[in-house]
There are 2 protein chains.
Amino acid sequence: MTRHTTDTGRPSTTTPTPPLTVAKGIDRPGPTVFSTTPMPARTKGTPHVSPTGTPADDQAADPRSGRPTSKDVAKLAGVSQSTVSLVHAGKWPGRVSERTVRAVNEASAALGYRPNQAARHLRLGTTRTVLLVVPALTNPFFGAVHTGASHAAAARDFSVVVYPSPVAAGAERTPVASPFAAAHTALDGVLASSTAVETLSDLLGTAGPGAGLPLVMLDSQPGAGAPTANIAIADGMSALTTHLLGLGHRRVARLCAEIDSWTFASREAAFRDAVRAVAGTETDHARTPLTIPDATAAALTLLDGPTPPTALVCDDDVLAVGAYKAARARGLRIPEDLSVTGIGDVAFATVLEPELTTVSLPAHELGEAGMSALLDLLDGRSPDDVSLPAELLLRDSTAPPRA
Amino acid sequence: MTRHTTDTGRPSTTTPTPPLTVAKGIDRPGPTVFSTTPMPARTKGTPHVSPTGTPADDQAADPRSGRPTSKDVAKLAGVSQSTVSLVHAGKWPGRVSERTVRAVNEASAALGYRPNQAARHLRLGTTRTVLLVVPALTNPFFGAVHTGASHAAAARDFSVVVYPSPVAAGAERTPVASPFAAAHTALDGVLASSTAVETLSDLLGTAGPGAGLPLVMLDSQPGAGAPTANIAIADGMSALTTHLLGLGHRRVARLCAEIDSWTFASREAAFRDAVRAVAGTETDHARTPLTIPDATAAALTLLDGPTPPTALVCDDDVLAVGAYKAARARGLRIPEDLSVTGIGDVAFATVLEPELTTVSLPAHELGEAGMSALLDLLDGRSPDDVSLPAELLLRDSTAPPRA
DNA sequence: GACGGTCAGTCATACGTATGACGTCGCGGA
DNA sequence: TCCGCGACGTCATACGTATGACTGACCGTC
């Protein structure tokens, strides 16, 4: 339809390329010819938006992108480029008069001036852009993490780019190093979920202390080389297990995710500690990839064992769905014959029949907290490891065991 | 813990700040002192990585970020900065010898050189970054769109930043203009979902033909000012409705989303056309926000009407969940007493009992196609409007009506 | 009337890369 | 001997912004 490389189409009949030799002569450090008569616009009086002196170069010149630059604004306002920059940065406590500020602002508005980000990035040595590394945005949890992180970043004028490692549930994780390194110099920092990276040292090779790029980890073990932001899922797991034990369950099985990461390891530890606190409790477990069919099969092996459990603690809501399907396949009613719990409070937790008792994870807040920590780090501060509370949601999938 | 602003910590005992006066003298356009003896490294023979001449400035100098520049690589390799640039860009058909190329590559590797993106953005006038505007990434559909778009972008060396307008279901949509304008100059193009923007003209003011920024719309009416990429949901709706009519249903109600957008309007049209093709069919409908509780209430009003429907066609799987809950509340069995269909094939479609007959939407492919169109547009080509097929998934929630 | 101080701006430059315009060397043909 | 040419690199510069150093005018003071 239309070529994007053409001009902006603003109707303008001025000369397309003004005589550059003038500007060139000014730029040269040699003989400053025009410096003998400084502030030529001032001789006319007060700076104003309408150009009175030079009649040929009022509309924005367009080197290539068709966008006006601070030089164009300066010309229109009758001031120098530095003044435009000062005004735009808001740094004129005693350097620029109110009237000039107004003139510059009017000129900027008239031209629709937006500062060129690439130029200021180059000049300032910072890009105000951070990378978010997550397993997959198709997982609503990480979608929420992204949203939270974006909000926190936007509040401090940062942008977020996402590198979604194509991990999926239990699949191979990609070494982030190579694709990540490409954008390396365009980044000020990295916020990475530990479940998205192959190994932590993999990341620490290019980011983190020691390497050049500030790094904050999500869902990662504190004290391992980078500040962390976590959800206290272990507490949730403890509460869940204690809740079941309090209902009287003594044969409690655990359906756990086949993923080697700190978050899942800490769930296991919390479960064990909670169980150990109540004497006479038997446990069993099965490991499974994080998919519904796999979880169903794994749950069936638990239910078909010699001493079937009266309660099934699942590492994740997805696994709980598998437990539901397995229970239905064996004719077990939830919660009368089998109590089931999940973790995550994903969208379908209330779609299940009965509604699932689970632990809600503040994903949005996790993204916010992690991003805040990263931006603090960028400001030179040393953020503390943060841990966000998980909330136990008692719904309808748990009940005392049958006598 | 650690300050990110400090040096990279590479153990190096060289002088931290090499005498800059030398470099300055070279950079000046005035008396080119050293140009009388060109290629000083060549006098030693072949360029090599180990620096033999100057013993003090082999390690990368660090002006501020601690990262080596092409100048550092040039110094180490004994060539000029231009040569480094040529080698790195792969543009040396007859300009650089193999040996020099190797030397440059070795030097780059030794220093861990990465070209500064900000500088090349400035130089090239392009950022290789596009903006993706979606309602919310917490919606897995848009998460998948993002993943597809990212893959297509990465394949052509582009990055994607996301601006998630906090829309949610039926809530107010944000005018994208302001926050979007902030990053304007840092973008090469925009890929926007029509359900994320207030009005199309809102976007067209800053992007699209006429404004400076190439734009491709997702889920938007073709021919409205920007190239589009769509999913043929209308076809899916037709297939769904025809399927129900084929089963014998003659009282078909529609649960529709309270969102004014092209995608939903086209579903309605498709439904009407399909119904009109079969004589003697009665229809009813209810509009509802896109949440489960609202949908449940709306579905109840339909079921409680004077002539209750035997089939309920829902604009979205979320609404179908409401239909399930309403049916359960009225003691209706699905599909024996009531057939239900959805659109979207979201994760819980198979969690429902019975599994939901719906239409799967190729979200990933939509993102890919849209991004491809945008990148074609950036290349100066004129992409066609694309339409992706939606697939009808016949599962267990539909059956012939009771006699 | 010379001097110090404030106000209001400008000047020049650097950030790091990409690239068109030049040199220089060596060799082969006339 | 001289010219032309290909191979190999370098030079200089521009991209647009931010900012330390500087300057001119004006004003009050001794």
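Since this is a predicted model, take the numbers as computed values, not measurements. A note on names: the letters A, B, ... follow the listed sequences, proteins ahead of strands, and every chain is numbered from 1.
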Send over the distance from [X] [atom1] to [N] [atom2], rounded to a whole Å.
X: A:L124; N: D:dC15; atom1: CG; atom2: P; result: 19 Å
X: B:L111; N: C:dG16; atom1: CG; atom2: P; result: 14 Å
X: A:Q81; N: D:dC15; atom1: CD; atom2: P; result: 12 Å
X: B:R120; N: C:dG16; atom1: CZ; atom2: C1'; result: 11 Å
X: B:N116; N: C:dA14; atom1: CG; atom2: P; result: 17 Å
X: A:R67; N: D:dT17; atom1: CZ; atom2: C1'; result: 15 Å
X: A:K71; N: C:dA12; atom1: NZ; atom2: C1'; result: 12 Å
X: A:H121; N: C:dA14; atom1: NE2; atom2: P; result: 22 Å

Measure from the side-chain heavy atoms of [X] and tell me the nearest of [options].
X: A:S70; options: C:dC15, D:dT17, C:dT10; value: D:dT17
X: B:Y113; options: C:dT17, C:dG16, C:dG9; value: C:dT17
X: B:T83; options: C:dG9, D:dT17, D:dG9; value: D:dG9

Taking 4.0 Å as the cut-off, does a side-chain nitrogen or oxygen of [X] come that near to OP1 or OP2 on [N]?
X: A:T69; N: D:dG16; answer: no
X: A:T100; N: C:dG9; answer: yes
X: B:S97; N: D:dG9; answer: yes
X: A:S85; N: D:dT17; answer: no

Both B:A119 and B:S80 contact DNA chain D. Which one's nearest nucleotide lies toward the 5' end?
B:S80
Both A:S82 and B:L86 contact DNA chain D. Which one's nearest nucleotide lies toward the 5' end?
B:L86
Atom CD of A:Q81 and atom OG1 of A:T69: how far apart are they, to the nearest 0.5 Å?
8.0 Å
What distance do A:R120 atom CZ and B:L122 atom CG have between them, rounded to the nearest 0.5 Å?
13.0 Å
Are the side chains of A:Y113 and A:D72 in touch, meaning some heavy atoms are under 4.5 Å apart?
no
Side chain A:R95 and base C:dT10 donor-acceptor under 3.5 Å:
yes
Whether the A:T100 and A:S97 side chains hold a donor-acceptor pair (N or O, under 3.5 Å, no angle test) is what I'd like checked.
yes
With sequence neighbours left out, write down each residue that passes side-chain contact (heavy atoms from CB on, under 4.5 Å) with A:T129, or none if nothing qualifies.
A:T127, A:S159, A:V161, A:L187
